[in-house]
Amino acid sequence: MSDTTIPRFFWTFPMRLVREARLDEALAEDERLRILFLWGKDCPNCDIAKGQILLAPERFRWPDIEWLHDNVYEDPQMGTRFGLHGVPAFLVFRGARKLGRIGQWPGSDAFVAAIEKQRAAEPTAATG
């Protein structure tokens with residue numbers, strides 16, 4: 001992808017591209033955790049997040065979590081669907097149920113802690 005100052009990000013840290021029109025299909029009713037990374041071209045904060053993830057990618061790879069992504073500048077329907085007012089935004093889902101949103105980039109430690117909290121929650125106890 002040449003629309004980021006860190007083009008190697010999506011090759012180094014693979015995420016599945018999903019457009020708004022296919023998001024419901026990607027969020028299967030299987031109780032699996034998924035993180036949807038919404039970003040934009042020439043977004044400095046998006047590139048900061050990408051850069052920090054690449055510094056220690058093993059911290060962000062969980063065997064039970066699937067990463068999805070979308071450039072909302074190319075797919076504005078995704079931004080509208082979730083009422084975005086800025087990127088990056090990370091939406092966390094369990095199956096099709098949205099558990100929450102991590103707005104902007106809180107830093108690696110805070111991000112990992114928030115995801116670990118969701119991983120530790122029982123699927124039936126998780127609420128959005």
Side-chain angles (χ1 to χ4, degrees):
M1 299 197 150
S2 61
D3 51 0
T4 176
T5 59
I6 305 176
R8 65 186 176 91
F9 178 77
F10 293 105
W11 295 305
T12 305
F13 195 87
M15 298 180 180
R16 181 164 54 122
L17 173 64
V18 62
R19 297 295 190 203
E20 192 279 332
R22 307 292 303 264
L23 182 61
D24 292 330
E25 294 171 33
L27 300 175
E29 289 290 344
D30 60 4
E31 295 302 311
R32 184 172 185 188
L33 281 174
R34 290 179 177 82
I35 301 169
L36 175 60
F37 172 33
L38 301 176
W39 61 282
K41 178 182 179 184
D42 296 327
C43 165
N45 291 328
C46 300
D47 289 338
I48 288 169
K50 291 173 190 174
Q52 288 184 4
I53 289 171
L54 288 183
L55 285 176
E58 66 281 356
R59 291 187 70 197
F60 301 90
R61 287 189 183 120
W62 295 277
D64 55 331
I65 293 179
E66 178 183 14
W67 280 87
L68 308 170
H69 80 93
D70 191 18
N71 177 343
V72 295
Y73 297 164
E74 291 178 356
D75 185 14
Q77 296 85 354
M78 187 74 85
T80 300
R81 178 175 179 163
F82 294 109
L84 291 186
H85 294 284
V87 288
F90 301 85
L91 291 104
V92 182
F93 295 87
R94 185 174 298 282
R97 188 173 65 252
K98 187 176 107 182
L99 302 178
R101 177 191 314 200
I102 300 171
Q104 302 306 315
W105 177 247
S108 296
D109 292 339
F111 185 89
V112 168
I115 300 303
E116 288 295 343
K117 182 177 178 181
Q118 290 303 321
R119 289 183 73 218
E122 291 294 323
T124 56
T127 59

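Predicted model, so just to flag it, every value in this text is computed and none were measured.
Note that CG of Asn45 is 11.5 Å distant from NZ of Lys50, once rounded to the nearest 0.5 Å. For the atom pair OG1 (Thr80) and CE (Met78), the distance works out to 11.0 Å, reported to the nearest 0.5 Å. To the nearest 0.5 Å, atom CG of residue Asp30 and atom CZ of residue Arg94 are 10.0 Å apart. With rounding to the nearest 0.5 Å, the separation of CG in Leu99 from CD in Gln118 is 5.0 Å. Rounding to the nearest 0.5 angstrom, the gap separating the NE2 atom in His69 from the CD1 atom in Ile35 is 13.5 Å. Taken to the nearest 0.5 Å, the CZ atom of Phe82 stands 6.0 Å off from the CG atom of Leu36.
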_If you apply the rule salt bridge (Lys or Arg N to Asp or Glu O under 4.0 Å), what do you find for Asp75 with Arg22, and how did you get there?_
CA-CA 11 Å; Asp75 185 14; Arg22 307 292 303 264; over 6 Å; no
*Run the numbers on Ile102 and Ile115 for side-chain contact (heavy atoms from CB on, under 4.5 Å), then give the verdict.*
CA-CA 10 Å; Ile102 300 171; Ile115 300 303; 4.2 Å; yes
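Transitive grouping of hydrophobic side chains (ILVMFWY, heavy atoms separated by less than 4.5 Å) keeps Leu38 and Phe9 in distinct clusters. Follow the hydrophobic side-chain contacts under 4.5 Å out from Leu27 and you never reach Leu17; the two are in separate clusters. The cluster map of Ile, Leu, Val, Met, Phe, Trp and Tyr, joined by side-chain heavy atoms under 4.5 Å apart, puts Phe13 and Leu91 in different clusters. At a threshold of 4.5 Å between side-chain heavy atoms, the hydrophobic network of Ile, Leu, Val, Met, Phe, Trp and Tyr places Val92 and Val112 in one connected group. Connection of Phe90 to Val72 is not established within any shared hydrophobic cluster, with ILVMFWY side chains joined at heavy-atom distances below 4.5 Å, either directly or through further cluster members.
Contact annotation: the side chain of Arg81 approaches that of Leu23 to within less than 4.5 Å [non-hydrogen atoms, C-beta and beyond].
We find that Glu116 and Arg119 are joined by a salt bridge, their nearest charged nitrogen and carboxylate oxygen being less than 4.0 Å apart. With salt bridges taken as basic N to acidic carboxylate O contacts below 4.0 Å, one links Asp70 and Arg19.
Aromatic pair Trp67/Phe60: centroids not less than 6.0 angstrom apart. Between Phe10 and Trp39, the distance separating the two ring centers is shorter than 6.0 angstrom.
The side-chain contact (heavy atoms from CB on, under 4.5 Å) search around Gln52 returns Ile48, Trp105, Ser108, not counting sequence neighbours. Considering only residues two or more places apart in sequence or on other chains, Arg59 meets the salt bridge (Lys or Arg N to Asp or Glu O under 4.0 Å) condition with Asp109.
Formation of a donor-acceptor pair under 3.5 Å by the Arg16 side chain with backbone atoms of Leu68 is not found in this model.
Here the closest heavy-atom approach between residue Val87 and residue Cys43 is recorded as O-SG, 3.5 Å. Nearest heavy atoms, Arg32 versus Pro63: NH2-O, 4.0 Å. Across all non-hydrogen atoms, the minimal contact from Leu84 to Ala89 is CD2-CB, 3.7 Å.
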